[in-house]
S.K.: 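There's a structure below that I have some questions on.
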Number of protein chains: 2
Amino acid sequence: MSQAVINENEVDIVIGALHSDLTTFMNEWKPIFSRFHLIIIKDPDLKEELRIPEGFSVDVYTKSEIERVVGSSTSVRFSGYSCRYFGFLISRKKYVVCIDDDCVPAKDNLGILVDAVAQHIVNLQTPATPFFFNTLYDPFCKGADFVRGYPFSLRSGVDCALSCGLWLNLADLDAPTQALKPGQRNLRYVDAVVTVPSRAMVPVSGINIAFNREVVGPALVPALRLAGEGKLRWETMEDIWCGMCVKVICDHLGLGVKSGLPYVWRTERGDAIQSLKKEWEGVKLMEDVVPFFQSLRLPQSATTAEDCVVEMAKTVKEQLGKVDPMFSAAAEAMEEWVKLWKSVRSV
Amino acid sequence: MSQAVINENEVDIVIGALHSDLTTFMNEWKPIFSRFHLIIIKDPDLKEELRIPEGFSVDVYTKSEIERVVGSSTSVRFSGYSCRYFGFLISRKKYVVCIDDDCVPAKDNLGILVDAVAQHIVNLQTPATPFFFNTLYDPFCKGADFVRGYPFSLRSGVDCALSCGLWLNLADLDAPTQALKPGQRNLRYVDAVVTVPSRAMVPVSGINIAFNREVVGPALVPALRLAGEGKLRWETMEDIWCGMCVKVICDHLGLGVKSGLPYVWRTERGDAIQSLKKEWEGVKLMEDVVPFFQSLRLPQSATTAEDCVVEMAKTVKEQLGKVDPMFSAAAEAMEEWVKLWKSVRSV
């Protein structure tokens, strides 16, 4: 990892609490999180009181705060994994780091605890290189560089807007794969950060991400929800859809998306077999979603993330709306989200 | 690495001998190379007799054999690093593996000797996934898989035509970077193979590559030579140009290009400061070469690598020929190369 000067005042850590007892989670992350301000959003469906250990600078938001801010909006929903988006909405910081509450810090190949927050911020603070592939991965990483043949005019790179981290132990697989290979564990620590090339689509997992909220915040939108979406990652589509939106918007605005380090250690949760029935719905939708985003081009007049989301919503409605009513609902949520984003900013 | 069934009869290892004494090189590689047939091409500029240790199945080709096969052609040149292309031309095997003679086998993070040939063949025998980025890298690698959100329709992948390996110790940097950071060594062993996404351009280094000769052999063409091109990698452009040709052709034909494992250990050679004057020529050319290849589209009528090279040569002549006469010479070499390829096949 490169040396990073991290200003604590520029970072919010957003946690969506899908479980009431955050004690173990928070204590495991204490060495890394305690410097930063935390925003915890309690899943509105969760009945029990949250248990949060002491020693953190934390603001907790529950159903009543969400309703007060969101008001009468019904198209944007903040239940389940989507509760974290409320944290994105109310954060005032430059960077947001967001990690699922079933993950703990990972260790690298040398057995050293990975500071996922620091690595995410380094990823966001160093340039991305979406216009030409560097075979030695991130050229801004310590000890690395641009390889022979890399055009000098492209070496300054572009601003990085989204950093997608990975997972050791339980990888982020879909329910069919998880059900098929219940014993499979991801133990390969790949010591690299890659800029996902421009125009290449990528399945962004919401488990372990960070982004420049000032630049692409409005693009991280809770839009697509499966009818039977539950409280298990492999049942969700919200982050995959959101990631496609962000990637297309970053490509349009000339920003970068990185994938790779940092890893988190995912602990086990849920029964993949039970989820199989639900997940196939999401799996089927991807066959329409991916070609749609691959061919989507935004008008030159869209110069901000807000503009882009609004334009994208129109096209989603026109082109995908006829495929499945869930897409029309997603388009509505995208429009509503931009209104919410603007109204929260104007307070 | 996945389990691979490697048929020795399908593999040629091609070595361009730029140094007369191959004793150390060959002995270091003996545990890996000795199963396979080797084609050694002696750089026609090299005066001394080659020294090759015993214990290998090897055919050596020198200036006189090259002249006999190539005849009166003057636009295709086989001197310096380009001598290896003669090996590509005369090989009859399905796969060609090609490694510079200043490289020895690398060790992985566990200290185990890397079998670069086996890894290259695995890369070529398992599918590539150029149409969607898999965040866990090569999904066909043991223990890995496609992540949630990866469309099932794209999971069968496409045939992989080119495998680009990497380098530990002395990375493949250009002369300015090498001169600026003479002490820099690449010590980061990244345990991954990545499919370079479709339409993303990549600087292919010829130091450590393998390809499916039956599918893309003609696309590996010695075409662009700098006026002052010497006997040092950082002074050459032939492989970078060739790599762009192959990438565009693979994208056009729906084939994949992988980058990453296997690593080789590059030993030191040459004085980067002395090369600086020459290399800037190549560095400047890249500013025209990269946008050209990024926007290049081949006609649907081009359905083989030969067709593609011929079509590409036309466009190079038309569009780049006016920029620099070196490009016109490259276009001529490309046309001549396809003729040579066909004439050698017809014997």
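Chain naming here is simple, since letters A, B, ... match the order of the sequence lines and numbering starts at 1 in each.
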S.K.: So what's closer than 4.5 Å to chain A heavy atoms on B/A192: side chain, backbone, both or neither?
M.R.: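 Both backbone and side chain.
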S.K.: Taking every non-hydrogen pair under 4.5 Å, which of B/W167, B/Y189, B/Y150 racks up the most with chain A?
M.R.: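 Highest number of heavy-atom pairs under 4.5 Å: B/W167.
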S.K.: Based on non-hydrogen pairs under 4.5 Å, which of A/K181, A/Q184, A/M286 is most in contact with chain B?
M.R.: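 Counting heavy-atom pairs under 4.5 Å, the top option is A/Q184.
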S.K.: For each of B/A144, B/C164, B/S198, B/G260, tally heavy-atom pairs with chain A at distances under 4.5 Å, and name the one with the top tally.
M.R.: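 Max contact count across the listed options: B/A144.
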S.K.: At a 4.5 Å cut-off on heavy atoms, which part of B/D172 comes close to chain A: side chain, backbone, both, or neither?
M.R.: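 Contact with chain A is through both the backbone and side chain of B/D172.
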S.K.: Sort B/V147 into side chain, backbone, both or neither according to what part of it lies under 4.5 angstrom from a heavy atom of chain A.
M.R.: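 Contact with chain A: backbone and side chain both.
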S.K.: Go through the steps for A/Y137 and B/L166 under the test side-chain contact (heavy atoms from CB on, under 4.5 Å), then give the verdict.
M.R.: CA-CA 11 Å; A/Y137 310 100; B/L166 295 173; 3.9 Å; yes
S.K.: If we define contacts as heavy-atom pairs under 4.5 Å, which of A/I240, A/L154, A/V190, A/N109 has the most with chain B?
M.R.: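 Most heavy-atom pairs under 4.5 Å with chain B: A/V190.
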S.K.: Checking heavy atoms, do the side chain of A/V196, its backbone, both or neither come under 4.5 Å from chain B?
M.R.: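 For A/V196, the contact with chain B is made by the side chain alone.
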S.K.: Need one label for B/Q294: side chain, backbone, both or neither, based on atoms under 4.5 Å from any heavy atom in chain A.
M.R.: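 The side chain, not the backbone.
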S.K.: Kindly determine whether B/F132 and A/V290 satisfy side-chain contact (heavy atoms from CB on, under 4.5 Å), including the steps that lead there.
M.R.: CA-CA 9 Å; B/F132 202 66; A/V290 170; 3.8 Å; yes
S.K.: Is it true that a side-chain atom of B/E287 and a backbone atom of A/P151 form a donor plus acceptor pair closer than 3.5 Å?
M.R.: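 Not at all, since once roles are kept as given, no pair shorter than 3.5 Å links the two residues.
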S.K.: Which of the residues A/V289, A/N134, A/D239 is involved in the greatest number of heavy-atom pairs with chain B at under 4.5 angstrom?
M.R.: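 Most heavy-atom pairs under 4.5 Å with chain B: A/D239.
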S.K.: So that I can tick it off, tell me whether B/R155 and A/D174 are bridged by a salt bridge, with the cut-off set at under 4.0 angstrom between side-chain N and carboxylate O.
M.R.: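 Judged by the 4.0 Å cut-off on N to carboxylate O distance, A/D174 and B/R155 do form a salt bridge.
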S.K.: Verify side-chain contact (heavy atoms from CB on, under 4.5 Å) between A/R148 and B/T177, making sure each step is shown before the conclusion.
M.R.: CA-CA 9 Å; A/R148 180 170 56 95; B/T177 308; over 6 Å; no
S.K.: Taking the side chain from A/R188 and the backbone from B/D191, do they hold a donor-acceptor pair closer than 3.5 Å?
M.R.: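 Yes; at least one donor-acceptor contact below 3.5 Å.
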S.K.: Please find the pair of heavy atoms, one from B/T135 and one from A/S259, that lie closest to each other, and give the distance.
M.R.: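 Where B/T135 meets A/S259 most closely, the heavy atoms are CG2-OG, 3.6 Å.
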S.K.: Grab the two heavy atoms, one from A/A171 and one from B/L136, that are nearest each other, plus how far apart they are.
M.R.: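 Result for this residue pair: CB-CD1, 3.7 Å.
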S.K.: Among the options B/Q178, B/M244, B/M201, B/R185, pick out the one with the most heavy-atom pairs lying under 4.5 Å from chain A.
M.R.: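 Highest number of heavy-atom pairs under 4.5 Å: B/M201.
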S.K.: Checking B/F146 against chain A: side chain, backbone, both or neither under 4.5 Å from a heavy atom?
M.R.: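 Looking at B/F146, just its backbone touches chain A.
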S.K.: With a 4.5 angstrom heavy-atom cut-off, could you sort out which part of B/L173 is near chain A: side chain, backbone, both or neither?
M.R.: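 Both parts, heavy atoms under 4.5 Å.
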S.K.: Against chain A, label B/F293 side chain, backbone, both or neither, depending on which of its atoms sit under 4.5 Å from a heavy atom there.
M.R.: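 No part of B/F293 comes within 4.5 Å of chain A.
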S.K.: Which atoms form the tightest heavy-atom contact between B/P203 and A/F133, and what is the distance?
M.R.: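 Between these two residues, the closest heavy atoms are CD-O, 2.9 Å.
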